[in-house]
Number of protein chains: 2
Amino acid sequence: MPRARSGETRERIQAAALDLFSEQGVQQTSLRAIAERLGLTKPALYYHFPSREELVRSLVQPLIEDIEELIARDEAAGSTDPRALLGGYFDASCRHRRVTALVARELATLSYLDLGARVMDWRRRLIALLAGPEPDLTAQCRAVTAIGGLSDCLVFFGDADPSELRPAVLAAALSALGIEDAEDAEGAADAEGRRAAEEPEGPEKREAGKPEAAGGA
Amino acid sequence: MPRARSGETRERIQAAALDLFSEQGVQQTSLRAIAERLGLTKPALYYHFPSREELVRSLVQPLIEDIEELIARDEAAGSTDPRALLGGYFDASCRHRRVTALVARELATLSYLDLGARVMDWRRRLIALLAGPEPDLTAQCRAVTAIGGLSDCLVFFGDADPSELRPAVLAAALSALGIEDAEDAEGAADAEGRRAAEEPEGPEKREAGKPEAAGGA
DNA sequence: GTCTATAGTAAGATAGAC
DNA sequence: GTCTATCTTACTATAGAC
């Protein structure tokens, strides 16, 4: 797709779409509504995105790539540090915070992106990493609770400062796994003031896959 | 073609709708599809339900009432036993298992039922009950993780036997809260074989579990 | 590169016969 | 209680003007 001079409109469309999707839901938001908010018309949208589906995909794709890379790297590493893995998962979700919330609320709606199967696949692989190869049901529930709780907190406390949220969420998730966490929310909050920017939709690859422990040591 | 007895067709419509909603999502399922599966036509559906929205509402309403009653009762009790509250929440969700999964996957889609606000309200009240009146962020995250993890497990292990799932899920949720759980998944699985069936049942307070084996994952 | 106009499609809903 | 037929509406998508 030639993006002659101004890919500016394209990004404005993505921003407006994400706003409206977050407010009203994906299916409930028509292309007309997006166009109107920008003072454009529907065909103008189709100039920048070949279809509605591609517009949605362009929003979700960066999150997908981030998460898949995170999991793949941990799988390749051979051994898993739960704290590091959950921390990385939090950071990745946080970098795409609004999209994460969207996906959490609309799994069914976004099924045409393979998202249902994809998220299920992530969970299975994360469970394997966190609970071992053939875990009993309790261990599996602990892993599901840790991962799901992490996302839930990110969505529920959508306005909280990520650097405050991070240690609190990790403490809960590690607890769910049955791992004693050395950190305390208050005590370690600033120990590793890791921020995860609010909305850098730009393709920014993460490469701090294995910082020794996510915040404590 | 036997004349349908009063209420029979209505229930067949609800069953078919729930099937299709679970398979394809709510928005993706048209009234035409529901009618076709039953060998009926759209107008026949409109005889039993005044609108599509009312059909959906009739499916979700029982879950809503169960959960709201559960929370209200615990609030009225004055003091909260986390194990009993989470157990009751599991049982209620389990009685409406498929609807619970639907709601979890389609919060945004079902917003016209006030569901978004409603679920948020439930969470706030459950957090207050589980984490106390003015909890710090970590305590709140623990509560969110416990509740969210509970639902996630019910959805993720959608085919698991509820009586097996119950102790496993509760162990994870209580762990997330930072509460040591005396029960063990294997040890208490069959001793715990009580209802959590699909059918309505007078909500009851759950008492503490069996102080049996120990040892989480 | 952006817009106007419109084709094509599908859904929710109603009227009236049987 | 269920059907045939029909209506209204709303959206995606395309063709072509500026």
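So you know, we letter chains A, B, ... as the sequences are listed, proteins then strands, and number each from 1. Every value quoted in this text rests on a predicted model; they were computed, and no experiment measured them. These numbers come from the heavy atoms of this one structure, side chains and all, not from hydrogens, waters or symmetry mates.
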Just by distance, no angles: are the side chains of Glu106(B) and Thr109(A) close enough, under 3.5 Å, to form a donor-acceptor pair?
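Glu106(B) vs Thr109(A): no donor-acceptor pair found between side chains.
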Tell me: [atom1] of [X] to [atom2] of [N], nearest whole Å?
X: Arg10(A); N: dT2(C); atom1: CZ; atom2: P; answer: 12 Å
X: Tyr47(A); N: dT2(C); atom1: OH; atom2: P; answer: 7 Å
X: Ile13(B); N: dG1(D); atom1: CD1; atom2: C1'; answer: 10 Å

Determine, for nucleotides 5-18 of chain C in 5'-to-3' order, which nucleotides have protein heavy atoms under 4.0 Å from the base (write B), from only the sugar-phosphate (write S), or from neither (write -).
B-----SBBBB---
Any Thr9(B) side-chain nitrogen or oxygen under 4.0 Å from OP1 or OP2 of dG1(D)
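Negative; the distance criterion is not met.
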Is the shortest side-chain N/O distance from Thr41(B) to OP1 or OP2 of dT2(D) below 4.0 Å?
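So the side-chain polar atoms of Thr41(B) never come under 4.0 Å of the phosphate oxygens OP1 or OP2 of dT2(D).
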Just jot down the salt bridge (charged side-chain N to carboxylate O under 4.0 Å, His left out) partners of Arg125(B), sequence neighbours excluded, or say none.
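Arg125(B) satisfies salt bridge (charged side-chain N to carboxylate O under 4.0 Å, His left out) with Glu75(B), Asp121(B) only.
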Not counting sequence neighbours, which residues clear side-chain contact (heavy atoms from CB on, under 4.5 Å) with Val155(B)? List them please.
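For Val155(B) the side-chain contact (heavy atoms from CB on, under 4.5 Å) partners, ignoring immediate neighbours, are Ala101(B), Ala104(B).
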Presence of salt bridge, Arg118(B) and Glu68(B), under 4.0 angstrom:
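So Glu68(B) pairs with Arg118(B) through a salt bridge.
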N-O pairing of Arg37(A) and Glu23(A) below 4.0 Å:
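Yes, charged N to carboxylate O under 4.0 Å.
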Arg166(B): which of Asp91(B), Leu154(B), Asp161(B) passes side chain to side chain contact (heavy atoms under 4.5 Å, CB included)
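Exactly one candidate clears the test, Asp91(B).
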